[in-house]
K.L.:
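Sharing a structure with you now.
Convention: sequence-line order gives letters A, B, ...; per-chain numbering from 1.
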Amino acid sequence: MDRSSTVTAIRSWFADNARDLPWRRPEATPWQIMVSEFMLQQTPVARVLGPWQAWVDRWPEPAALAAAPTGDAIRAWGRLGYPRRALRLHAAATAITDRHDGQVPDDHDQLLALPGVGAYTAAAIHAFAFGGTAPVLDTNVRRVLLRLSSTTALPPAHITRAERDQAADWAPDHRPDQWWAAAMELGALVCTARTPDCTSCPVASACTWLAAGQPPPDQPRRGQAWVGTDRQCRGALMAVLRSHDGEVYTDELAAAWQDGAQRERCLASLVADGLIVVTDVGHRLP
DNA sequence: GAGGCGTGGGC
DNA sequence: TGCCCAAGCCT
């Protein structure tokens with residue numbers, strides 16, 4: 001199976017198997033697509049659906065979000081994780097309101113300049129909202145292309161220039177946005193990281209990794225440390241603060257995390273990040 | 001450029 | 001049961 005046939009087979013599979021996600025519907029606006037891309041950074045689709053709908057209902061355009069306090073955005077973010085993304089989305093909405101007349105820019109470099117928008121998100125918004133052609137290289141697409149063309153199970157943590165150039169060679173001339181969406185969906189539903197369903201894969205016969213006997217990842221990747229970390233501490237503190245409308249007394253935060261020195265350090269870092277503010281008696285969302 | 005940054009589900 | 005992973009970004 002040559003490359004062109006592989007691309008065609010994946011696109012055909014996508015036509016039959018794509019999930020009906022609200023931000024993929026024809027009526028989805030660039031802003032709705034942009035909100036979905038922020039929420040989907042490191043967060044599974046299933047957990048995004050609810051908060052996304054509530055978010056776009058409440059703030060149907062960037063200017064509406066920009067007019068709200070950042071604390072409202074943080075609370076609406078709920079338990080999606082990485083709440084700094086809520087701040088960055090708010091900051092991006094403000095920038096769009098100030099610099100782009102309230103319209104999500106259709107220019108790739110202007111997208112890339114927005115807070116919280118990196119290489120992936122800029123390419124994704126550009127492709128899915130405006131038909132842009134930059135390679136949309138998320139972890140799914142990277143894994144699919146890597147397995148098709150090598151005996152390596154999982155992509156490395158960081159993208160190299162070479163990987164980006166090679167990925168760009170896969171894009172067809174016609175509707176490359178649909179190709180990237182198709183490759184992404186195949187990675188999300190079939191060519192998954194842990195237990196790929198190769199028997200359901202439309203391009204199994206073209207897969208180098210499968211032909212090599214599905215060799216496992218070289219080195220076990222170091223797991224994300226969690227218990228006792230500042231990340232866990234910050235999460236526990238933010239959960240308490242999200243659950244209150246106003247101020248939270250210092251004792252209540254102390255009950256949420258025993259280690260006083262770590263608690264103070266994390267509170268300070270949350271203040272520095274703009275996720276919380278200091279009050280007379282404790283802290284609150286901004 | 002290596003590491004920090006949430007949260008929860010699946011195996 | 002723990003461990004791994006998830007549509008990354010920023011410093």
K.L.:
Does A/Val141 reach a base, just sugar-phosphate, or nothing at all? Heavy atoms under 4.0 Å.
P.N.:
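Contact class for A/Val141: none.
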K.L.:
Nearest whole Å is fine: how far is C/dC4 P from A/Arg143 CZ?
P.N.:
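Interatomic distance, CZ of A/Arg143 to P of C/dC4: 16 Å.
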K.L.:
Mind calculating the distance between CH2 (A/Trp226) and P (B/dG9) to the nearest angstrom?
P.N.:
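Rounding to the nearest Å, CH2 of A/Trp226 and P of B/dG9 are 14 Å apart.
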K.L.:
Between P on C/dC10 and OH on A/Tyr82, what's the gap in Å once rounded to a whole number?
P.N.:
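Interatomic distance, OH of A/Tyr82 to P of C/dC10: 14 Å.
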K.L.:
Whole-Å distance between C/dC9 P and A/Arg231 CZ?
P.N.:
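Atom CZ in A/Arg231 sits about 16 Å away from atom P in C/dC9.
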K.L.:
Using a 4.0 Å heavy-atom cut-off across all strands, classify A/Thr229 as base, sugar-phosphate, or nothing.
P.N.:
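If one applies the 4.0 Å heavy-atom cut-off, A/Thr229 turns out to touch nothing in the nucleic acid.
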K.L.:
Closest to the A/Arg234 side chain: C/dA7, B/dC5, C/dC9?
P.N.:
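Out of C/dA7, B/dC5, C/dC9, the nucleotide with an atom closest to A/Arg234's side chain is B/dC5.
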K.L.:
Just to confirm, is there a sub-4.0 Å distance from OP1 or OP2 of C/dG8 to any side-chain nitrogen or oxygen of A/Gln41?
P.N.:
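A/Gln41 to C/dG8 OP1/OP2: no side-chain N or O under 4.0 Å.
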K.L.:
With no hydrogens and no angle check, is any side-chain donor or acceptor of A/Arg147 less than 3.5 Å from a backbone partner on A/Trp209?
P.N.:
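Flag not set: sc A/Arg147 to bb A/Trp209 has no pair under 3.5 Å.
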K.L.:
Just say parallel, tilted or perpendicular for the rings of A/Trp170 and A/Trp179, cut-offs at 30° and 60°.
P.N.:
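Correct class here is parallel.
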K.L.:
Whole angstroms only, please: what is the CH2-P distance between A/Trp77 and B/dG6?
P.N.:
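Roughly 12 Å, once rounded to whole Å.
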K.L.:
Looking at the side chain of A/Arg79, which of B/dG4, C/dG8, B/dG8 is the nearest nucleotide?
P.N.:
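Side chain of A/Arg79 sits closest to B/dG8.
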K.L.:
Does a distance-only test, which skips hydrogens and angles, find a donor-acceptor pair under 3.5 Å between the side chain of A/His158 and the base of C/dG8?
P.N.:
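No, no donor-acceptor pair under 3.5 Å.
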K.L.:
Looking only at the side chain of A/Thr139 (C-beta and beyond, no hydrogens), which of the listed nucleotides B/dG8, C/dA7, C/dC5 gets closest?
P.N.:
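For the A/Thr139 side chain, the nearest candidate turns out to be C/dA7.
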K.L.:
Ignoring hydrogens, what is the shortest heavy-atom contact between A/Ile125 and A/Met34? Give both atom names and the distance.
P.N.:
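Nearest pair, atom of A/Ile125 first, then A/Met34: CD1-CG, 3.6 Å.
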K.L.:
Residues from residues 176-199 of chain A sitting under 4.0 Å of DNA chain B, heavy atoms only?
P.N.:
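Within residues 176-199 of chain A, no residue comes under 4.0 Å of DNA chain B.
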K.L.:
Can you check the A/Gln262 CD to B/dC5 P distance for me, whole Å?
P.N.:
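Checked: the CD to P distance equals 10 Å.
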K.L.:
Could you label the plane-to-plane angle of the A/Trp59 and A/Trp55 rings as parallel, tilted or perpendicular, counting under 30° as parallel and over 60° as perpendicular?
P.N.:
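Rings of A/Trp59 and A/Trp55: perpendicular, over 60°.
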K.L.:
For A/Leu21, answer base if it contacts any base atom (sugar-phosphate contacts may also be present), sugar-phosphate if it contacts only those atoms, and nothing otherwise; contact means non-hydrogen atoms under 4.0 Å.
P.N.:
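The answer is base, as A/Leu21 lies within the cut-off (heavy atoms under 4.0 Å) of a base atom.
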K.L.:
Is it the case that atom CG in A/Asp2 sees more than 12 heavy atoms from other parts of the structure closer than 6.0 Å?
P.N.:
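Enclosed: over 12 neighbouring heavy atoms sit under 6.0 Å from CG of A/Asp2.
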K.L.:
Rounded to the nearest angstrom, tell me the gap between atom CE in A/Met39 and atom P in C/dG8.
P.N.:
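Taking CE of A/Met39 and P of C/dG8, I get 15 Å after rounding.
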K.L.:
At under 4.0 Å between heavy atoms, what does A/Ala119 touch on the DNA or RNA strands: base, sugar-phosphate, or nothing?
P.N.:
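Sugar-phosphate contact only.
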K.L.:
Let's see if you can work this out: which of B/dC5, C/dA7, C/dA6 has an atom nearest to the side-chain heavy atoms of A/Asp230?
P.N.:
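Ranking B/dC5, C/dA7, C/dA6 by closest atom to the A/Asp230 side chain puts B/dC5 first.
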K.L.:
Between A/Arg88 and C/dT11, is there a side-chain N or O to OP1/OP2 distance below 4.0 Å?
P.N.:
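Checking A/Arg88 against C/dT11: no side-chain N or O falls below 4.0 Å of OP1 or OP2.
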K.L.:
Can you check the distance between C/dA7 and B/dG4, where both ends of the measurement are the P atom (answer in whole Å)?
P.N.:
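The answer is 23 Å between these two P atoms.
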K.L.:
Assess whether atom CD of A/Gln103 is packed by more than 12 heavy atoms of other residues, nucleotides or ligands within 6.0 Å.
P.N.:
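Incorrect, the count does not exceed 12.
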K.L.:
CG of A/Asp16: more than 12 outside heavy atoms within 6.0 angstrom?
P.N.:
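Enclosed: over 12 neighbouring heavy atoms sit under 6.0 Å from CG of A/Asp16.
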K.L.:
Please evaluate the base of B/dG6 for a donor-acceptor partner in the side chain of A/Thr43 within a cut-off of under 3.5 Å?
P.N.:
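Result: at least one qualifying N/O pair found.
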K.L.:
What's the gap between B/dG6 and C/dT11 when it is taken at their P atoms, as a whole Å value?
P.N.:
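Nearest-Å result for B/dG6 against C/dT11 at atom P: 14 Å.
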K.L.:
Please give, in whole Å, the distance from B/dT7 P to A/Gln232 CD?
P.N.:
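In whole Å, B/dT7 P and A/Gln232 CD are 10 Å from each other.
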K.L.:
Need to verify one output field. Residue with the more 5' nearest nucleotide on DNA chain C, A/Asp138 or A/Pro115?
P.N.:
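Result: A/Asp138.
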K.L.:
Only one of A/Glu252, A/Arg75, A/Arg284, A/His283 forms a side chain to side chain donor-acceptor pair (under 3.5 Å) with A/His244, so which one is it?
P.N.:
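Exactly one pass, corresponding to A/Glu252.
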